[in-house]
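What follows is a single structure, written as structure tokens, with notes after it.
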Amino acid sequence: MEIIKTDCGLCVNDCGIDCYVEDGKLIKIEGTPGHVINNGKLCSKGKYRVETVYSPNRLKHPIKKVDGRFQKISWDQAYEEIASKLLALKEQYGAHTLFSSTGSVGIEHFEFAAFNQRLTKAYGTPNMFNPEGICFRTRILARQIAFGKYTIEEPRNAKLIILWGHNPDESYFVIGDDIRKRIKTGELKLIVIDVRRIPLAKEESIYLQPRPGTDAAIALAMINVIIEEGIYDHEFVENWTTGFEKLAEHVKQYTPEKAEEISGVPAASIRMIARMFANTKGACILEGIGHMNQYANGLQTERCFGILMAITGNIDRPGGWVTCPQIRLSDLRVPIEEKALGYDEYPLFHQFNKTPPPYGSASMMTEAMITGKPYPVKALITSGGNQAITFPDTKRFLEGIKNLELFVAIDPCMTETTRLADYVLPACTTLEETGIGGFTWCVSYCVPYIMLRKKVIEPLYESKPIWKIWSELGHKMGYGELFPWKTDEEVAKHFLSASSVTYEQLLENPEGMFYGEIEYEIYKEKGFRTESKKVELYSARMEALGAEGLPSHVEPQQSAVANPELAKEYPETLLTGARHQEYINAQGHDIPGLEAKLPEAEAWISPVTAKKYDIINGEMVGVETTQAMIKIKAKVTDDIRPGAVSVPHGWAEANCNLLLDSTVRDNVSSYITLNGNACRLVKLA
Ligand SMILES: Nc1nc2c(c(=O)[nH]1)N[C@H]1C(S)=C(S)[C@@H](COP(=O)(O)OP(=O)(O)OC[C@H]3O[C@@H](n4cnc5c(=O)[nH]c(N)nc54)[C@H](O)[C@@H]3O)O[C@H]1N2
Ligand SMILES: Nc1nc2c(c(=O)[nH]1)N[C@H]1C(S)=C(S)[C@@H](COP(=O)(O)OP(=O)(O)OC[C@H]3O[C@@H](n4cnc5c(=O)[nH]c(N)nc54)[C@H](O)[C@@H]3O)O[C@H]1N2
Ligand code: SF4
Ligand SMILES: [Mo]
């Protein structure tokens, strides 16, 4: 039996795995012992990695919908028909008539976004949408505003962590394990700020339970205490920041008492954690990858976190937020003039950096599909995403696709989204192609590591690597010269040609390799990459682009404070999308072993809220918003704040995205508000 070492690649964690292969069949998977990221461990999903590859849901060949039913077609026919329809639509409506949309896989697997962009930009459309418009781009932008670069948490070296709206036991289990271990050895102190009492809050820690969407008020009050008490890092603030005076004046209004009124967290607790945080070197806010971005005030909340890190001198210092060298891979994008949707409407998001982001504002995607404004959208290609379940506001997604003349979906599996398409093209999974992997920890936890994601078995059935699908379609459309690559290896070598790492080095290091080192305090030599070369606590550039230069607390649009009328009918607060180890977004529900572990979606409700509606633990209830009602099992638990209702996302039978409204957004970043919306419970029986 052959053992091939590779990267699991099923989620953003990039764990090292040993794949046992016999006669071209994947037999067994184990975590690679001693691997830098996971040290031999696998999460619940990783343990079922073999089953995901051989899922009965895998697509076997290209299919086309004829009179409402799918028929098998050849790859050649699929390419031929899709290419000629796309070219005819371009002729009639202009190139912007094509939208492409990827899911989280489109961010994590480099080849996805790169080849998608190459083809769609060659065609001439500016609009690719991916979860960068609803997931974690806001945190990156907020840090770029302050530091001129994306500084990243380094939790493995931290002495004090504030786990702020992040539950790594479910979403990044390796970090959860590491935190638990280091609390036990006394190396690490932990503060948890979460609407739910997550398992780590039950370890030795301080736990604060805010009203949803009020985290900026808490952070601003911490800044207030740190400045008032003079416990900020004087040397760093004086030499390396601008706007401190303005900030000090601005936060005077955010006393801990005021923050208590807003958030429900006691003023004394805010004072205590502010002091602990300011008095520890190696203090780190380890925040939600998605959640803190997905509120009405997401971008400015993120800014508060950066300011807290800066004034306490925890930037570019071990265990704080540090600078991780990023691997530079070749850019396949073809330049185009036209700007993506959102460029004019959300100038800060699209115009802050010299080059605009290569994707449109996701919140505007379905609106354009529905209204035909600013231009008719007649074609959509989705790949590596299950938007019919995961796009926040399912109703608008379903309404939008009715106007399409061509809908192509690319995925290894039959999903709720592929079922709606005119053509479905079978992609292989990452264990069936060679590519570049292992490097996503550099953007989440500051580990400058890279691995070759090796082909373990041949692509199953007629499935193909995603790069090949885009390339072959490109050839059919007349863009052949842009797609010269013939093999996985050629593609990987091309990407690596811009980096300091070679393909051969990766082959020689099957468990992966460090491609660089964290450089602490490099600002001392080069300054920060902002215009002033210092950390910009106040941002003039934000103001020039129409946003507030200093962050404030802004209520979620539908909170009882912001909209008391609505609260009379919908008095509870909806949270969507807390992660489970068993599933990745909508993936994993086809695996019996995972279904057995977590068979039903559950809404977390506190006993206080449950009593109001006469709901008992385990019964099916309705969760209703102004948009819709879904039925879901009630989990009555003390582990959630009264008034908050937390439902997971990615469940077809309890689809929380039916409840959301994509016009409710963070007005600065354009992110759809996934959390903090008004809801009520309905007793069904
Ligand atoms: N209400 C609510 N909605 C949310 C969120 C939330 O918290 N609340 N979270 C949002 C966030 S942060 C994100 S990132 C999105 C995620 O949304 P999606 O990315 O749409 O969710 P997934 O279910 O992970 O879909 C990934 C798809 O990629 C396919 N796939 C998996 N591996 C491969 C592969 O190797 N090759 C190819 N070609 N395809 C593959 C899978 O079969 C699956 O259909 O959801 C967003 N939606
Ligand atoms: N197993 C698994 N892992 C995943 C994913 C998955 O679907 N499954 N998805 C991946 C993706 S695409 C992403 S974006 C990340 C998401 O990663 P995160 O966004 O970090 O999500 P979670 O780790 O679930 O933690 C979010 C926490 O925020 C809390 N919360 C909600 N509202 C508030 C609030 O107003 N204030 C505070 N303080 N806390 C609040 C919730 O109770 C929850 O415990 O996970 C990634 N990892
Ligand atoms: S955490 Fe992600 S990468 Fe690691 S084993 Fe689980 S699914 Fe695979
Ligand atoms: Mo995400």
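Starting from 1, each residue takes its place in the sequence as its number. Being a predicted model, the structure only gives us computed values, none of them experimental.
- Listed by chain and number, the residues in a ring-ring contact (aromatic ring centres under 6.0 Å, His included) with F305 are W164 (sequence neighbours excluded).
- One side chain, Q144 or N353, offers a donor N or O that lies under 3.5 Å from an acceptor on the other.
- The residues D344 and K339 are annotated as not salt-bridged, no charged nitrogen and carboxylate oxygen being separated by less than 4.0 angstrom.
- Side-chain contact between L160 and M276: present, with at least one pair of heavy atoms (C-beta onward) separated by less than 4.5 Å.
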Q) Does the pair T673 and Q557 meet the rule for a side-chain contact (heavy atoms from CB on, under 4.5 Å), with working shown? A) CA-CA 9 Å; T673 301; Q557 299 91 333; 3.4 Å; yes
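- Between T371 and E367, the side chains place no donor N or O within less than 3.5 Å of an acceptor N or O (distance only, hydrogens not considered).
- Judged by distance alone, the side chains of D194 and Q209 never bring a donor and an acceptor atom under 3.5 Å apart.
- Under the 6.0 Å cut-off for aromatic ring centres, Y254 and H553 do not qualify, their centroids lying 6.0 Å or more apart.
- Counting heavy atoms from C-beta outward, I632 and V647 have side chains that approach closer than 4.5 Å.
- Residues E572 and Y613 have side chains that bring a donor and an acceptor to within less than 3.5 angstrom of each other.
- Inter-residue side-chain proximity for N167 and L200 is flagged as unmet; no heavy-atom pair is nearer than 4.5 Å.
- Salt bridge E624/R680: present, at least one basic N to carboxylate O contact under 4.0 Å.
- The shortest distance between side-chain heavy atoms of I161 and I191 does not fall below 4.5 Å.
- Under the side-chain hydrogen bond (donor to acceptor under 3.5 Å, both in side chains) criterion, E602 pairs with no residue at all, not counting sequence neighbours.
- In this structure, R137 is not positioned above the aromatic face of F349 in the sense of NZ or CZ being under 6.0 Å from the six-membered ring centre and within 45° of the axis.
- Judged by distance alone, the side chains of N386 and T417 do bring a donor and an acceptor atom under 3.5 Å apart.
- Side-chain contact, Y570 with N563: no donor N or O sits under 3.5 Å from an acceptor N or O.
- At a threshold of 4.0 Å, the pair E619-K633 does not count as salt-bridged, since none of the basic side-chain nitrogens sits closer than that to a carboxylate oxygen.
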Q: Take S101 and Q387 through the side chain to side chain donor-acceptor pair (under 3.5 Å) test and state the conclusion after the steps.
A: CA-CA 8 Å; S101 173; Q387 292 78 356; 2.9 Å; yes
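- Under 3.5 Å, the side chains of N655 and T394 contain a donor-acceptor pair of N or O atoms.
- Here the side chains of H250 and S552 are in contact, with some heavy-atom distance below 4.5 Å.
- Between the side chain of R579 and the main chain of G577, a donor-acceptor pair closer than 3.5 Å is present.
- Classification of R143 and E287 as a salt-bridged pair holds, one side-chain N sitting under 4.0 Å from a carboxylate O.
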Q: Check step by step if side-chain contact (heavy atoms from CB on, under 4.5 Å) holds for I198 and L163.
A: CA-CA 10 Å; I198 57 171; L163 208 48; 4.0 Å; yes
Q: Test side-chain contact (heavy atoms from CB on, under 4.5 Å) on Y150 and R139 and set out the steps.
A: CA-CA 9 Å; Y150 178 41; R139 58 142 64 195; 2.9 Å; yes
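- Using modelled atom types and a 3.5 Å distance limit, the side chains of D393 and S662 yield a donor-acceptor pair.
- Checked against a 6.0 Å centroid threshold, the rings of Y172 and Y445 count as neighbours.
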Q | Candidate pair N127 and Y375, rule side chain to side chain donor-acceptor pair (under 3.5 Å), full reasoning | A | CA-CA 12 Å; N127 285 307; Y375 30 72; 2.7 Å; yes
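- Geometrically, K246 engages Y538 in a cation-pi contact defined by less than 6.0 Å to the ring centre and at most 45° from the axis.
- Under 3.5 Å, the side chains of S263 and T214 contain no donor-acceptor pair of N or O atoms.
- With contacts defined as side-chain heavy-atom distances shorter than 4.5 Å, the pair Y359/T102 does not qualify.
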Q: Take I223 and L308, measure what side-chain contact (heavy atoms from CB on, under 4.5 Å) needs, and give me the verdict at the end.
A: CA-CA 6 Å; I223 299 169; L308 265 173; 3.8 Å; yes
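- Relative ring orientation between W321 and F147 is described as perpendicular, the plane-to-plane angle rising above 60° on a 0-90° scale split at 30° and 60°.
- Using a 4.0 Å cut-off between charged side-chain N and carboxylate O, D661 and R396 make a salt bridge.
- Side-chain atoms of T312 and N314 form a donor-acceptor pair, as typed in the model, at a separation below 3.5 Å.
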